Amino acid sequence: MRPPVHAEQLAPSEWRRRADAHQARADALTAPHRARKANGERHPIDDFLYDYYTVKPSLLRRWHPGAGIVLAAAQDGPAEHAGWRWYRADDDGAVALDVAAFLADRGDTVTHIHELLAATAARPAHTGCFGLHEWAMVYRQDDTRRRHSLPLRLGREGTDAVVESHPLRCTHFDAFRFFTPDAVPRNRDLLSRDTQVATEQPGCLHANMDCLKWALKLGPATPGDLLLDCFELARDIRTLDMQASPYDVSSLGEPAVAIETPEGKAEYVRRQRDFAARANVLRARLLASCDRALHPFHAGAALRQGG
């Protein structure tokens with residue numbers, strides 16, 4: 001049986017400090033995106049996170065303490081979280097995540113995320129894919145159907161030649177599902193949603209970028225600092241993802257990582273390993289957030305412990 005979760009109470013001065021710092025950090029991270037949106041502009045690298053993960057700046061700036069953290073009432077009343085979904089306040093005005101209510105709605109999701117993250121963390125990191133998933137997404141494809149309007153760095157024939165001269169070893173279904181029909185049978189494994197828990201591994205750029213996806217799906221069970229750490233990692237990974245892609249990103253001020261060359265491969269693997277190390281830390285923190293939510297303790301008891 002798992003050990004019980006013991007609540008930690010934060011004084012008003014502390015939880016307000018954390019909330020203010022979180023909002024300032026979130027605003028700084030999203031400032032370029034918000035400015036572009038106001039001007040009707042798009043950025044093929046940075047805006048991917050907002051589109052693919054349906055991230056909104058307002059969502060990123062909302063600070064959650066995480067499960068098991070009690071926000072003591074201030075002189076002017078309980079924390080604003082008292083009016084948010086899945087939170088509750090006790091008779092003294094102390095507020096905490098109502099874990100029982102949260103799990104009633106999201107329990108299956110939390111359990112699945114825990115299973116996937118634990119399975120991924122238990123495997124060794126595999127390198128050597130060299131970001132070819134992006135190349136496989138345009139392999140033998142008509143240029144009008146590309147996902148990005150950027151030109152191909154090596155042209156159509158050069159791009160296809162890179163795919164044909166390298167083995168495809170993608171392990172991430174949500175990248176594999178965008179492969180062109182001609183690229184699908186070239187991959188070492190045929191992936192599906194059902195195989196995701198069995199195949200995802202911690203060297204994969206997209207699996208590590210997905211730490212943001214799981215932090216978002218865990219919602220209020222994800223502490224605010226962890227959410228923003230996952231966002232920053234995903235942003236950094238996305239930059240390499242596009243630098244190593246077949247697209248010419250020079251117009252965006254980014255240098256290419258030419259994975260068709262020995263030097264480019266070496267740079268890709270080095271940065272891939274650095275991202276894997278960062279993601280391993282975040283994955284462990286996400287697993288801890290799942291554990292805190294899944295521990296069988298009564299939300300009311302947690303509030304009383306905090307009071």
Side-chain angles (χ1 to χ4, degrees), residues 5-12 14-27 29-30 34 49-74 76-117 210-231 234 282 285-307:
V5 172
H6 299 288
E8 174 190 357
Q9 179 168 277
L10 300 180
E14 177 59 18
W15 58 254
R16 280 176 169 159
R17 183 194 68 78
R18 294 189 189 186
D20 289 346
H22 174 89
Q23 290 172 1
R25 182 184 174 196
D27 287 346
L29 287 170
T30 63
R34 289 183 285 112
L49 299 182
Y50 298 92
D51 297 338
Y52 184 74
Y53 294 115
T54 60
V55 177
K56 295 180 179 179
S58 59
L59 181 64
L60 287 177
R61 81 186 309 266
R62 176 171 281 203
W63 176 73
H64 292 284
I69 303 295
V70 179
L71 309 179
D76 56 354
E80 63 176 331
H81 300 65
W84 297 357
R85 187 181 182 187
W86 296 311
Y87 282 88
R88 66 180 297 271
D90 70 2
D91 294 340
D92 297 326
V95 178
L97 179 65
D98 186 339
V99 176
F102 173 67
L103 290 179
D105 291 339
R106 295 285 181 87
D108 290 345
T109 297
V110 177
T111 300
H112 171 71
I113 292 172
H114 188 279
E115 179 186 20
L116 177 60
L117 292 177
D210 275 355
C211 285
L212 174 61
K213 176 181 180 178
W214 307 126
L216 290 166
K217 285 187 174 294
L218 288 173
T222 305
D225 61 330
L226 176 55
L227 173 62
L228 296 187
D229 287 347
C230 290
F231 180 84
L282 298 185
R285 292 168 63 191
L286 287 167
L287 281 166
S289 295
C290 291
D291 284 334
R292 283 192 294 272
L294 292 170
H295 284 159
F297 78 103
H298 192 274
L303 284 171
R304 289 193 295 274
Q305 289 173 16

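Being a predicted model, the structure only gives us computed values, none of them experimental.
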Can you name the side-chain contact (heavy atoms from CB on, under 4.5 Å) partners of Ala11, sequence neighbours left out? Ser13
The side chain to side chain donor-acceptor pair (under 3.5 Å) partners of Asp51 (sequence neighbours excluded) come to Arg42
Looking at every non-hydrogen atom in both residues, tell me the closest pair between Ala67 and Val99 and how far apart they are. CB-CG2, 4.2 Å
Kindly write out the residues that satisfy salt bridge (charged side-chain N to carboxylate O under 4.0 Å, His left out) with Glu14, not counting sequence neighbours, or none if the list is empty. Arg17, Arg18
What is the distance from atom SG of Cys211 to atom CG of Leu227, rounded to the nearest 0.5 Å? 11.5 Å
Please answer whether the main-chain N or O of Leu60 pairs with a side-chain N or O of His22 as donor and acceptor at a distance below 3.5 Å. yes
List the residues meeting side chain to side chain donor-acceptor pair (under 3.5 Å) with Thr222, not counting sequence neighbours, and say none if there are none. none
Give every residue pair that meets the side-chain hydrogen bond (donor to acceptor under 3.5 Å, both in side chains) criterion with at least one member in residues 56-73, sequence neighbours excluded. Asp27-Arg61, His64-Tyr87
Report the residues that fulfil salt bridge (charged side-chain N to carboxylate O under 4.0 Å, His left out) with Asp76, sequence neighbours left out, ordered by chain and then residue number. Arg16
Can you list everything that forms a ring-ring contact (aromatic ring centres under 6.0 Å, His included) with Phe231? Sequence neighbours excluded, please. Tyr50
Are side-chain heavy atoms of His81 and Pro220 found at a separation under 4.5 Å? no
As an exercise, state the distance from CG of Leu116 to NZ of Lys213, rounded to the nearest 0.5 Å. 8.5 Å
Applied to residues 217-230, the salt bridge (charged side-chain N to carboxylate O under 4.0 Å, His left out) test, sequence neighbours excluded, yields Arg25-Asp229, Asp225-Arg285, Asp229-Arg285
Checking the side chain of Asp92 only, and the main-chain atoms of Ala94 only, is there a donor and an acceptor separated by less than 3.5 Å? no
Pro78 versus Leu71: any side-chain heavy-atom pair under 4.5 Å? no
Output the distance between atom CG (Leu212) and atom CG (Leu216), rounded to the nearest 0.5 Å. 4.5 Å
Closest contact, heavy atoms only, Pro12 versus Ala74: CG-CA, 3.7 Å
Trp15: ring-ring contact (aromatic ring centres under 6.0 Å, His included) partners, not counting sequence neighbours: none
Using every non-hydrogen atom in the two residues, find where Pro223 and Ala221 come nearest and quote the distance to one decimal. CD-O, 3.4 Å
If you look only at pairs with a residue in residues 99-117, which of them pass as a salt bridge (charged side-chain N to carboxylate O under 4.0 Å, His left out), with sequence neighbours excluded? Arg85-Asp105
Residues which pass side-chain contact (heavy atoms from CB on, under 4.5 Å) with Ala73, listed by chain and number, not counting sequence neighbours: none
dist Thr109:OG1 -> Leu103:CG (nearest 0.5 Å) comes out at 10.5 Å
Approximate separation, where rounding is to 0.5 Å, of Leu49 CG and Cys230 SG: 11.5 Å
Gap between atom CG of Leu286 and atom CG of Leu226 - 0.5 Å precision: 4.5 Å
Under the rule for side chain to side chain donor-acceptor pair (under 3.5 Å), what residues qualify as partners of Gln23, not counting sequence neighbours? none
